[in-house]
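Here's the structure, in structure tokens; my notes come after.
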There are 2 protein chains.
Amino acid sequence: MTIVQLKYAIAVAEHRNFTIAAEKCFVTQPTLSMQIQKLEGELEITIFDRSKKPIGMTEVGTKIIQQCKKIVSESEKMQDVVDKDRGVIGGNFKLGIVPTIMPTLLPIFLDELVSKYPMLKVSFFELPTFELIDKLKNNGLDLIIASTPLEDDELIEKPIYYEPFVAYLPEKNKNFGKKEIIPKDLYSNDLLLLRDGHCFRNSIENLCFDCHEYKGKFELKSGSFETLINLADQGLGITFLPYLHTLRLNSNQKKMLHSFKNPKPAREVSLVYHKNENKIHIINEIKDLLNKLTKRKLQFNDVNIISPIKNREAIRV
Amino acid sequence: MTIVQLKYAIAVAEHRNFTIAAEKCFVTQPTLSMQIQKLEGELEITIFDRSKKPIGMTEVGTKIIQQCKKIVSESEKMQDVVDKDRGVIGGNFKLGIVPTIMPTLLPIFLDELVSKYPMLKVSFFELPTFELIDKLKNNGLDLIIASTPLEDDELIEKPIYYEPFVAYLPEKNKNFGKKEIIPKDLYSNDLLLLRDGHCFRNSIENLCFDCHEYKGKFELKSGSFETLINLADQGLGITFLPYLHTLRLNSNQKKMLHSFKNPKPAREVSLVYHKNENKIHIINEIKDLLNKLTKRKLQFNDVNIISPIKNREAIRV
DNA sequence: TATATTTAATAGGAATAATTTATATTAATA
DNA sequence: TATTAATATAAATTATTCCTATTAAATATA
């Protein structure tokens, strides 16, 4: 049994196709086929059900592949041990960030990240939460930054900041000008939300809809906050912005902002990584860096964390 | 990097000698040397300090070997996955038992173990606790049965029974004939104990000496309970027996037994295995078997567990 | 039904890698 | 300095992996 064989098997399990798996492993299909056969022969089991199309997994096969992943994951940590010892924060690092966090967080720490760790080649991936989680679990990402809690047993979450939601109310809204608002004030408004698949939307729905029926005339799902603000400016409804987004508005727009009364509804933004702790030394560096950089900008204590998972209760911090 | 290379490295780390390590791996010394060099080359570090005699480890080397052990351990679990799926309780299984438990426990379950699992080849090792732990950590054993708690982070303990200590008092002892005794009664007696290295002795010392100075005239450390009983019979002091041992005494000897008042001082006897959970399916079978077989013989609830680790407090169950 | 098309398995040979035997080097010790 | 013990190196052998080419089987299409 070799580590290479295990990688081949994982590739077949993932792509359900020997030819494609072979390509991904940079070998020819016969090579991969032979090694899979050898692995199956040595273990005296069949891992893949070749009679099905696409290729299926036997019951043992599924468990075997799980174990394969463990072994490969542990073997990949070997390089981490070396890097950690050298104190070298280097190599390739794949960081996924959800779209509603990316534009505000990246400017805060990208500069310092690249200048502090010149040996580190970071690739950024902007994807919705569920895709990030998927990639994280399949070794396609080393770390993600997303709204939490995600409630996933395979993952570890390390909160870095709590970011309150701020309501953006057009002038003619009945609550406009109020010093502090509470979620209940907004129940019967038309909501302008990001389109589905963005966890930010789930959070807002948990905030406004969870225990109350939606009472507005319509809701619109857009892809960016810019659109939502423009629509709100035209009096088509209200929207919500995460706090960091409000810092980049012009002075006119800022007049529309209405912050919530304590405990402010907020989202918890966390670093999320796999339990296998691959590249943990780099993750820790990024964590320290982010904690340092966000500490100044975000000091909210009395907040209610609105879950990005549908229909979950708020957690007070 | 191959699993074979990792096994070679682990062998060198263990034996601190390339030649011996090669023998243990059933290859020639140059083979092993070359593979170690390749591994070091690929990782771009040196694992072993060849300038020292015996061979030393570099700082990274130590961490690398830890990671090697993890990978190899996970890779060995592959076969477990297969065996578990087949429902086959088979293959080689190495079970270590401390000397004070071996002679009483083995007769209880050996028969049923071998007849229930004919495919399983169990090797038994009778060794003092510290050696068992050492072997368990180095994959030299799959499971041990010992007095617990051991307080070792790498190990998992599953208690199977609580075995009270019974005092063996010669006729002329001042407490002879008492219906129930308490530890304090025995503080000023001459103690006949097993020689050092046996955890049973530590337990007794925790029971009688922990907070009190030893007041007897002498103590003798023997290798077996038989000797101790004979010496006690001759009036040379008192001794203690674990409950299961008392069942095999003749009727005359049984008259000397004095059990403790509740909560009885007792030892906790547990299955102890490594956190890596190798061969866990077999371990679980043995656990179930032992629980079933000892349930009838040992039903003591109100006991104080006397630790086999020196100078630890009792734990009431 | 016959014919493409897709996909995995097989065969044979080239390239690569692991292992062995034999030998050299090195370091410690008498 | 000679001797011993232990690791490294060299050359040859063996084993394994991998590739190219081909076959076989299954599926889809005409």
Side-chain angles (χ1 to χ4, degrees), chain A residues 1-62 64-65 68 71-72 75-76 78-79, chain B residues 1-58 60-62 64-65 68 71-72 75-76 78:
Chain A
M1 193 173 85
T2 68
I3 296 169
V4 171
Q5 285 173 346
L6 306 184
K7 286 181 180 169
Y8 291 171
I10 292 169
V12 174
E14 190 175 344
H15 298 100
R16 302 301 171 109
N17 177 306
F18 278 67
T19 313
I20 295 169
E23 273 171 32
K24 299 284 176 186
C25 295
F26 306 105
V27 291
T28 58
Q29 170 267 314
T31 300
L32 184 131
S33 275
M34 289 296 284
Q35 292 308 316
I36 298 286
Q37 281 178 44
K38 283 189 67 172
L39 180 63
E40 289 180 324
E42 189 178 334
L43 295 174
E44 296 182 300
I45 47 153
T46 54
I47 300 172
F48 301 107
D49 180 357
R50 283 109 164 142
S51 69
K52 289 207 177 66
K53 298 263 168 169
I55 281 172
M57 309 275 304
T58 63
E59 212 169 303
V60 221
T62 311
I64 289 288
I65 293 298
C68 286
I71 298 166
V72 170
S75 77
E76 281 173 351
M78 202 65 121
Q79 192 59 51
Chain B
M1 194 173 86
T2 69
I3 296 170
V4 172
Q5 286 173 346
L6 306 185
K7 285 181 179 168
Y8 292 170
I10 292 169
V12 174
E14 191 176 343
H15 299 100
R16 301 300 170 111
N17 177 307
F18 279 65
T19 314
I20 295 169
E23 274 170 31
K24 300 284 175 187
C25 295
F26 307 105
V27 291
T28 57
Q29 170 266 315
T31 301
L32 186 131
S33 274
M34 289 296 285
Q35 291 307 316
I36 299 285
Q37 280 178 43
K38 282 190 67 173
L39 180 63
E40 289 180 324
E42 189 178 333
L43 295 173
E44 295 183 298
I45 46 151
T46 54
I47 301 172
F48 301 107
D49 179 357
R50 283 111 164 140
S51 69
K52 289 208 178 66
K53 299 265 165 169
I55 281 173
M57 309 274 302
T58 62
V60 220
T62 312
I64 289 288
I65 293 298
C68 286
I71 298 167
V72 170
S75 77
E76 282 171 351
M78 203 66 123

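In the text below, chain A, chain B and the rest are named by the order of the sequence lines, each starting its count at 1.
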(message) With heavy atoms of chain B within less than 4.0 Å as the criterion, where does contact along DNA chain D begin and end?
(response) dA6(D) to dT9(D)

(request) Going 5' to 3' through nucleotides 14-24 of chain C, assign each nucleotide B (protein heavy atom under 4.0 Å from a base atom), S (under 4.0 Å only from sugar-phosphate atoms) or - (no protein heavy atom that close). (result) ---SSSBBB--

(message) Please find the pair of heavy atoms, one from L39(A) and one from A9(A), that lie closest to each other, and give the distance.
(response) CD2-CB, 4.0 Å

(message) Please list all pairs meeting salt bridge (Lys or Arg N to Asp or Glu O under 4.0 Å) that have one or both residues in residues 33-45 of chain B, counting only residues at least two apart or in different chains.
(response) E40(B)-R50(B)

(request) Would you mind reading off the distance between F18(B) atom CZ and dT25(C) atom C1', rounded to a whole angstrom? (result) 15 Å

(request) Identify the two heavy atoms, one from I71(B) and one from S75(A), that lie closest to each other, and give their separation to 0.1 Å. (result) CD1-CA, 3.4 Å

(request) Tell me, please, which residues at least two apart from I10(A) pass side-chain contact (heavy atoms from CB on, under 4.5 Å). (result) C68(A), K69(A), V72(A)

(request) Supply the atom-to-atom distance L32(B) CG to N17(B) CG, rounded to the nearest 0.5 angstrom. (result) 10.0 Å

(request) Calculate, to the nearest 0.5 Å, the distance between atoms OG1 and CD1 belonging to T62(B) and I65(B) respectively. (result) 8.0 Å

(request) Mind checking the CD1-CE spacing from I3(A) to M1(B)? Nearest 0.5 Å is all I need. (result) 4.0 Å

Please tabulate, one pair per line, all N/O donor-acceptor pairs under 3.5 Å involving side-chain atoms of residues 51-61 of chain A, not counting sequence neighbours.
residue	atom	partner	partner atom	Å
S51(A)	OG	D49(A)	OD1	2.6
K52(A)	NZ	D49(A)	OD2	3.0
T58(A)	OG1	T46(A)	O	2.7
T58(A)	OG1	I47(A)	O	3.2
T58(A)	OG1	G61(A)	N	2.9

(request) Check DNA chain D against residues 50-58 of chain B and give the residues with a non-hydrogen atom under 4.0 Å, in numerical order. (result) R50(B), K53(B), I55(B)

(request) Keeping to residues at least two apart or across chains, list the side-chain hydrogen bond (donor to acceptor under 3.5 Å, both in side chains) pairs with something in residues 1-12 of chain A. (result) Q5(A)-Q35(A)

Using distance only, find each side-chain donor-acceptor pair of residues 21-30 of chain B under 3.5 Å and give its atom names and separation, not counting sequence neighbours.
residue	atom	partner	partner atom	Å
T28(B)	OG1	T31(B)	OG1	2.9
Q29(B)	NE2	S33(B)	OG	3.0

